[in-house]
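All remarks here apply to the structure that follows.
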Amino acid sequence: MPSWQRTHTCGELRLDHEGEEATLNGWVNNWRDHGGLVFIDLRDRYGMTQVVFDPNTDEEMHKVARDLRSEYVISVVGKVAPRLEGKRNPKLDTGDIELKATKLELLNRSEVTPFEIGPEAEATSEEIRLRHRYLDLRRPRMQRILDLRHRVCKTTRDYLSERGFLEVETPMLGRSTPEGARDFLVPSRVNPGDFYALPQSPQLYKQILMVAGYDRYFQIARCFRDEDLRANRQPEFTQVDIEMSFIDMDDIIGLIEGLACEIMSGILGRTITPPFPRYTWDDLMRRYGVDRPDLRFGMEIVDITGLAHETDFKVFQQAPSVRGLNAKGAADRYSRKGLDELTAFAGEYGARGLAWLKVDANSFTSPIAKFFSEEQAGKLREAMGAEPGDLLLFVADRYDASHAPLAALRHRLGKELELYNPDDFHFSWCVDFPLLEHDADTGHWVARHHPFTMPLEEDWHLLETEPEKVRAKAYDLIVNGEEAAGGTIRLHKPDLQAKVFSLIGLDEEEAQKRFGFLLDALKYGAPPHGGIAMGLDRWVMLLAKLENIRDCIAFPKTQRATDLMTGAPSEVEPRHLRELGLK
RNA sequence: GGGGAUGUAGCUCAAUCGGUUAGAGCACUGGACUGUCGAUCCAGAGGUUGCGGGUUCGAGUCCCGUCAUCCUCGCCA
């Protein structure tokens, strides 16, 4: 063991260690040179400890200590001593003690860093943080987040392992399937002109594992989708992927509720109680305009179509659906200009306009107030639960076109008007999704989730007559307006599977070509099975209250899908391209 | 593919209506200081105002183009 190796971490020493000799390793967070005494705050992943260098202890050592600068890496041997009375630092966990140095070894110098590292450092632009990610990750904030991420993974692995789940790895180099998102492709050198695809998820493999008898599977799986990035979307991301056999929907839901409770209590020390409320997809869309509403606050959508048709307002008369929101007490919060801005905001989500009414004691302040008779105004107040001071907002359009702007408005108003406690967590399930949806471009039915989703038993008879009414055995876990997990019970019977394929216009030959290996597998005694996938990155975002997904990924990509540290993606040698048959 | 925001010292920002030598805090360098802890005090260095073009007597500021980062619509389980 080299003489410089540490006996303790920088977050460890306490008054109990008084008098002991300890060796610490770490980075110089800060230095205070008094000409005589030199103080160093030494930092590592575990914390910070003050080290004191006294010229009377060792003159040579003191000379070296005076030259220490930020981010130098050192090893210090010293005696743990209580701080002088009144000199304790309550900001540090180790603030009751300090290390009186007897030996100092400079392990490495550091150039002046492009930004400061320590806990007191001010925010730095993300571009510069990403370019020097090795320094950014050294910061306490990032170390806390990655530590939390690790604990979520560990809790998940332990929880599932204790319940008999096997972690099985599936290939990264797979077959491209035309469904869903755009694939990342990898050229095959051995088979010129052919490509592998990186997995969008291990979906097909995990179903095949069920056929193979691995009745409880999980994987913390990297997934790839070549689509545009967002604050909460990266081209590669991580899912906790789970699949089980001989189970139904309630088993998966119960399993995930248990895991969610364990994560919440183990990591945040907060108790949540299952079962989480379940809402049907129809219900959520009608009341909130989205299948993953933030349920920490109310402000439900109110349908006033009938009433609207009676008014003299043409836009209201002619719209197939008129629905609105009541922003309680918000009339004074939005000026004309503010309302114009809300209108423009709704427009970004497809609304062709936004009707607004400010509620007074006996009237409305609104450009459309004149279209309401006294009686209609009364009915409107009643329908909206309107009281003086409220702001009413309406979107008049097709029912399905009004979902997005209303949901976006509700989400924005909830935040802007502080209608909920941002520290709260609200868990719920969305169930009874439609199995199919109509593709406006092709006129075909397409699978809403994926084409292997089991329809609800009581809807099987509708498959041929009214496919739009068939509900799926699908379930999404919603947390604070985010989809935190989503899954389905799978089709394991060939005849039902064939029926669904024909509905979405997949003939047998085509289906065989695309998913033949799965269809073949299902012929050999496939057990009833189903599963779920949890977005790990989004869970960490929720738990750590992060604004963007990059902060919970060690080496993320920019919005242009580049890595500022390594420069990926990059050009490659022409020779390499020739080998791959690409040039 | 569309819309928007930002880009000034190593970092975070300022610079009035287009006007003199582009400033501040932190960091950095040198010096002083034996109980500091985001040390203090003194002195100093540091700029292709993202890049290219244009308008103007004069551009950090206005116009055009371009690049980068972020947000967002479309896209995406």
Side-chain angles (χ1 to χ4, degrees), chain A residues 29-42 48-57 62 66 69-71 81 83-92 94-95 98 100 111-132 135 179-183 199-203 223-235 237 239 241 291-292 344-351 404-405 408 412 433 447-450 453 474-477 482-488 531-535 538 547-548 550 557-562 564:
Chain A
N29 187 71
N30 198 8
W31 48 282
R32 294 176 291 278
D33 181 354
H34 284 241
L37 290 179
V38 173
F39 298 92
I40 296 285
D41 296 329
L42 196 62
M48 201 130 72
T49 303
Q50 172 165 283
V51 183
V52 193
F53 297 92
D54 191 322
N56 300 322
T57 307
H62 180 256
R66 290 196 76 177
R69 293 295 179 268
S70 294
E71 302 311 314
R83 299 269 192 110
L84 299 175
E85 209 53 54
K87 304 288 182 192
R88 297 187 174 167
N89 186 347
K91 285 193 210 161
L92 293 182
T94 61
E98 62 194 359
K100 297 220 180 270
E111 290 190 11
V112 176
T113 53
F115 52 86
E116 291 163 64
I117 309 296
E120 311 283 353
E122 65 182 7
T124 305
S125 78
E126 201 178 356
E127 192 176 348
I128 285 160
R129 290 171 50 205
L130 290 176
R131 183 154 286 131
H132 306 277
L135 295 176
E179 302 282 318
R182 194 177 295 115
D183 282 323
Q200 295 181 26
S201 82
Q203 182 61 37
C223 305
F224 303 86
R225 292 177 191 160
D226 190 3
E227 298 291 345
D228 286 354
L229 289 80
R230 280 287 191 292
N232 62 358
R233 265 175 16 203
Q234 283 273 300
F237 59 98
Q239 282 188 347
D241 195 46
D291 56 10
R292 48 175 177 82
F345 176 77
E348 288 169 31
Y349 295 84
R412 171 172 168 167
F433 287 81
R448 186 174 191 92
H449 192 276
H450 61 61
T453 301
Y475 31 87
D476 278 4
L477 177 64
E482 298 279 351
E483 181 198 323
T488 63
I532 195 164
M534 295 171 41
R538 286 189 189 175
E547 295 278 316
N548 80 63
R550 295 178 296 280
K557 303 282 188 288
T558 66
Q559 199 181 34
R560 293 268 320 274
T562 65
L564 294 179

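Quick note on labels: first sequence line is chain A, next is B, and so on, each numbered from 1. The structure displayed is predicted, hence computed values, not measured ones.
- The side chain of Ser125(A) contributes an N or O atom lying less than 4.0 Å from OP1 or OP2 of U12(B).
- Nucleotides A9(B) and G4(B), compared at atom C1', are 29 Å apart to the nearest Å.
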Show your reasoning for whether side chain to side chain contact (heavy atoms under 4.5 Å, CB included) applies to Gln200(A) and Asp183(A).
-> CA-CA 7 Å; Gln200(A) 295 181 26; Asp183(A) 282 323; 2.7 Å; yes

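- Separating the P atom of C70(B) from that of U12(B) is a span of 14 Å, rounded to the nearest Å.
- Here the separation of G60(B) from C13(B), taken at their C1' atoms, is 14 Å to the nearest Å.
- Nucleotides A59(B) and G19(B) place their P atoms 11 Å apart, quoted to the nearest Å.
- Comparing A5(B) with U49(B), their P atoms sit 24 Å apart, to the nearest whole Å.
- Under the Watson-Crick or G-U wobble criterion, with both distances below 3.5 Å, C70(B) is paired with G4(B).
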Produce a footprint string for nucleotides 72-77 of chain B: one letter per nucleotide, 5' end first; B if the base is under 4.0 Å from any protein heavy atom, S if only the sugar-phosphate is, - if neither.
-> BBBBBB

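- For U49(B), there is no paired base (Watson-Crick or G-U wobble, both distances below 3.5 Å).
- Contact annotation: side chain of Glu98(A) to base of G35(B), donor-acceptor pair present below 3.5 Å.
- Within 4.0 Å of Ala123(A), counting heavy atoms only, lie sugar-phosphate atoms of the nucleic acid but no base atom.
- From Phe39(A), atom CZ reaches atom NE2 of His34(A) across 5.5 Å, with rounding to the nearest 0.5 Å.
- As judged by a 4.0 angstrom heavy-atom cut-off over every strand, Asn56(A) is placed among the base-contacting residues.
- The side chain of Arg129(A) contributes no N or O atom lying less than 4.0 Å from OP1 or OP2 of C70(B).
- Taking atom P on both nucleotides, G46(B) is separated from A22(B) by 13 Å, rounded to a whole Å.
- In the set G38(B), C70(B), C37(B), C70(B) carries the atom at the smallest distance from any side-chain atom of Thr558(A).
- At least one side-chain nitrogen or oxygen of Thr562(A) sits closer than 4.0 Å to the OP1 or OP2 atom of U69(B).
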Indicate for each nucleotide in nucleotides 3-9 of chain B, in 5' to 3' sequence, whether protein heavy atoms under 4.0 Å reach the base (B), only the sugar-phosphate (S), or nothing (-).
-> -------

Report the C-alpha distance between Arg69(A) and Trp31(A) in whole Å, list the side-chain angles of each, state the deciding distance to 0.1 Å, and finish with yes or no for side chain to side chain contact (heavy atoms under 4.5 Å, CB included).
-> CA-CA 7 Å; Arg69(A) 293 295 179 268; Trp31(A) 48 282; 3.5 Å; yes

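- In this structure, the CG atom of Leu37(A) is 17 Å from the P atom of U40(B), given to the nearest Å.
- Between the side chain of Arg83(A) and the base of C37(B) there is at least one donor-acceptor pair of N/O atoms closer than 3.5 Å.
- If you take CG of Asn548(A) and C1' of U69(B), they are 12 Å apart, rounded to a whole angstrom.
- When both pairing distances are held under 3.5 Å, C41(B) makes a Watson-Crick or G-U pair with G31(B).
- Per the geometry, CZ belonging to Arg32(A) stands 14 Å off C1' belonging to U34(B), to the nearest Å.
- For Lys87(A) and C37(B), the shortest distance from a side-chain N or O to OP1 or OP2 is not below 4.0 Å.
- Nucleic acid contact class of Glu122(A) (heavy atoms, under 4.0 Å, all strands): base.
- Atom pair His34(A):NE2 and A32(B):C1' shows a separation of 12 Å (rounding to whole Å applied).
- In the set C70(B), G35(B), G30(B), the nucleotide with an atom closest to the side chain of Arg550(A) is C70(B).
- Toward the 5′ end of RNA chain B lies the nearest nucleotide of Phe115(A), the other residue of the pair Phe115(A) and Leu84(A) mapping further downstream.
- Not one N or O on the side chain of Tyr475(A) forms a donor-acceptor pair closer than 3.5 Å with the backbone of Gly486(A).
- Using a 4.0 Å heavy-atom criterion, one finds that Leu564(A) contacts the sugar-phosphate atoms exclusively.
- Contact check on Glu126(A) versus Arg550(A) returns a salt bridge, with a Lys/Arg side-chain nitrogen under 4.0 Å from an Asp/Glu carboxylate oxygen.
- Ile128(A) places its CD1 atom 16 Å from the P atom of A68(B), with the value rounded to the nearest Å.
- In this structure G23(B) sits in a base pair with C13(B), meeting the Watson-Crick or G-U test at under 3.5 Å.
- Under 3.5 Å, the side chain of Asn89(A) and the base of U36(B) form no donor-acceptor pair of N or O atoms.
- We find that CG of Asp33(A) is positioned 10 Å from P of C33(B), with the value rounded to whole Å.
- A salt bridge does not link Arg292(A) to Glu483(A): none of the charged side-chain nitrogens sits closer than 4.0 Å to a carboxylate oxygen.
- When both pairing distances are held under 3.5 Å, G60(B) makes no Watson-Crick or G-U pair with any nucleotide shown.
- Considering CZ of Phe115(A) and CG of Leu135(A), their distance stands at 5.0 Å, rounded to 0.5 Å.
- Separation of the P atoms belonging to C26(B) and A68(B) is 35 Å when rounded to the nearest angstrom.
- With hydrogens and angles disregarded, a donor-acceptor distance shorter than 3.5 Å links the side chain of Glu227(A) to the backbone of Arg182(A).
- One interatomic measurement links the two molecules: NE2 of His62(A) to P of G35(B), which rounds to 12 Å at whole-angstrom precision.
- Taking atom P in both G65(B) and U20(B), one finds a spacing of 29 Å when rounded to whole Å.
- Cation-pi geometry between Arg412(A) and Phe345(A) is met: under 6.0 angstrom from the ring centre, within 45 degrees of the axis.
- Using a distance-only test at 3.5 Å, with no hydrogens or angles considered, a donor-acceptor pair links the side chain of Arg233(A) to the main chain of Asp228(A).
- You'll find that the side chain of Glu116(A) is closest to A27(B), out of G38(B), A27(B), C37(B).
- For the residue pair Arg32(A)/Gln50(A), the side-chain donor-acceptor check at 3.5 Å is satisfied.
- Distance alone, capped at 3.5 Å, is enough to place a donor-acceptor pair between the Thr94(A) side chain and the Met48(A) backbone.
- Residue-level contact check: Leu130(A) touches neither bases nor backbone, having no heavy atom under 4.0 Å from any strand.
- Look at Glu98(A) and Lys100(A) and you find a salt bridge, because one of the NZ, NE, NH1 or NH2 atoms lies within 4.0 Å of a carboxylate O, short of that distance.
- Between the CZ atom of Phe39(A) and the P atom of C33(B) there is a distance of 16 Å, given to the nearest Å.
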